[in-house]
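Here is the structure we will look at, set down as structure tokens.
Because only heavy atoms are used, hydrogens play no part in the values below, and waters and symmetry mates are left out as well, while side chains stay in. Numbering starts at 1 and runs along the sequence shown.
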Amino acid sequence: SNNTTVIADGLTMVDDVYSISNANGLFAFAESLNSETKTMSYSGKTVKLTADIDLNNQAWTSIGQTGKAQFTGTFDGCNYTISNLKIDNTDEGGNCSTGLFGWLNSAIVKNVNISNAEVAGHHNVGVIAGYMETSGCTIENCHVSNATISCTSVNADANGDKCGGIVGIAGNAGVVVKDCSV
């Protein structure tokens, strides 16, 4: 039997595994998490890419944020490439983490390539993730090419610090970044 649930164009679910097949699906996944204020989402769930995705430099909102939903599941890029990622969080207030993922909490992000990225913020800025909070967070086998990452200072909380190619800050004991390249 086919238990496929269509959540949005390009975003489907079968037995707690979410599949993303196009840019619309990736935007829908981000929105599904970011709209759930103060809720941790996708815990125990896997989200997979099933194709290369071109975001065409459309404005991207980082998945998961300080004080909002944080990604707590597993994101498996299945060695596909997300291209033309463009994020400008320089107008955001205080403690805003910037990346494909903003804030990871007990999450795993693996096997994803990012090509042609422009990522700008002012605190906790990385192409894959801005901030890795808890022990158990892992970024593995992720590769970034042709990226520009910038941090600008706006105030004492967002003073242009914690900026990196893969992750802005891997903040606590037990977080793991391995087999990655920039």
Side-chain angles (χ1 to χ4, degrees), residues 26-27 29-31 33-34 36-43 47 55 57-77 81-182:
L26 196 58
F27 277 103
F29 161 60
E31 178 60 27
L33 190 138
N34 289 337
E36 295 182 26
T37 305
K38 298 191 186 311
T39 301
M40 300 223 198
S41 269
Y42 293 90
S43 182
V47 180
L55 293 176
N57 294 310
Q58 296 175 80
W60 180 256
T61 300
S62 303
I63 302 165
Q65 269 311 323
T66 315
K68 295 183 182 174
Q70 298 166 8
F71 183 68
T72 62
T74 296
F75 182 89
D76 186 350
T81 299
I82 296 171
S83 57
N84 302 310
L85 172 67
K86 188 175 180 95
I87 309 168
D88 184 351
N89 267 348
T90 54
D91 290 339
E92 292 293 326
N95 214 348
C96 180
S97 298
T98 302
L100 177 66
F101 290 88
W103 194 286
L104 299 177
N105 189 339
S106 298
I108 297 168
V109 178
K110 62 185 180 180
N111 308 325
V112 67
N113 306 304
I114 308 282
S115 174
N116 300 331
E118 287 181 46
V119 181
H122 47 56
H123 181 71
N124 302 343
V125 180
V127 177
I128 302 294
Y131 187 72
M132 297 170 75
E133 181 177 21
T134 48
S135 176
C137 267
T138 301
I139 296 177
E140 179 178 2
N141 191 35
C142 292
H143 304 283
V144 173
S145 60
N146 195 23
T148 303
I149 303 113
S150 61
C151 282
T152 54
S153 179
V154 292
N155 59 42
D157 289 329
N159 56 4
D161 67 340
K162 301 176 181 70
C163 185
I166 296 292
V167 61
I169 180 170
N172 296 298
V175 300
V176 175
V177 177
K178 66 181 182 180
D179 302 326
C180 293
S181 66
V182 180

Out of Ser97, Cys151, Ser62, Ser150, which one pairs with Val125 under the side chain to side chain contact (heavy atoms under 4.5 Å, CB included) rule? Cys151

Residue pair [X] / [Y]: nearest heavy atoms and the distance that separates them:
X: Lys110; Y: Thr74; result: CE-CG2, 4.1 Å
X: Leu33; Y: Tyr42; result: CD1-CD1, 3.6 Å
X: Asn57; Y: Lys86; result: O-CD, 3.7 Å
X: Ala30; Y: Thr61; result: CB-O, 4.3 Å
X: Ser106; Y: Cys137; result: N-SG, 3.3 Å
X: Thr98; Y: Gly121; result: OG1-CA, 4.0 Å

When rounded to the nearest 0.5 angstrom, what distance separates [atom1] in [X] from [atom2] in [Y]?
X: Ser115; Y: Leu85; atom1: OG; atom2: CG; answer: 10.5 Å
X: Ile128; Y: Ile82; atom1: CD1; atom2: CD1; answer: 7.5 Å
X: Ile166; Y: Ile139; atom1: CD1; atom2: CD1; answer: 7.0 Å
X: Asn146; Y: Ile114; atom1: CG; atom2: CD1; answer: 12.5 Å
X: Asn116; Y: Thr148; atom1: CG; atom2: OG1; answer: 9.5 Å
X: Leu104; Y: Thr138; atom1: CG; atom2: OG1; answer: 10.0 Å

Name all residues meeting the side chain to side chain donor-acceptor pair (under 3.5 Å) criterion together with Asn111; count only those two or more places apart in sequence or in a different chain, and write none if there are none. Asp76, Asn141

Determine yes or no for a side-chain-to-main-chain donor-acceptor pair under 3.5 angstrom, with Asp161 supplying the side chain and His123 the backbone. no

Does any N or O in the side chain of Trp103 come within less than 3.5 Å of the main-chain N or O of Glu133, such that one atom is a donor and the other an acceptor? no

Less than 4.5 Å apart, side chain to side chain, heavy atoms only: is that true for Ile108 and Glu140? no

Test side chain to side chain contact (heavy atoms under 4.5 Å, CB included) on Leu55 and Leu26 and set out the steps. CA-CA 9 Å; Leu55 293 176; Leu26 196 58; 4.0 Å; yes

For Phe75, enumerate each residue passing the ring-ring contact (aromatic ring centres under 6.0 Å, His included) test, keeping only those at least two apart in sequence or located in another chain. Phe101

Filter on ring pair (Phe, Tyr, Trp, His ring centres under 6.0 Å), then keep only pairs touching residues 137-182, sequence neighbours left out; what's left? none

Return yes if a side-chain donor-acceptor contact under 3.5 Å exists between Thr134 and Asn105, otherwise no. yes

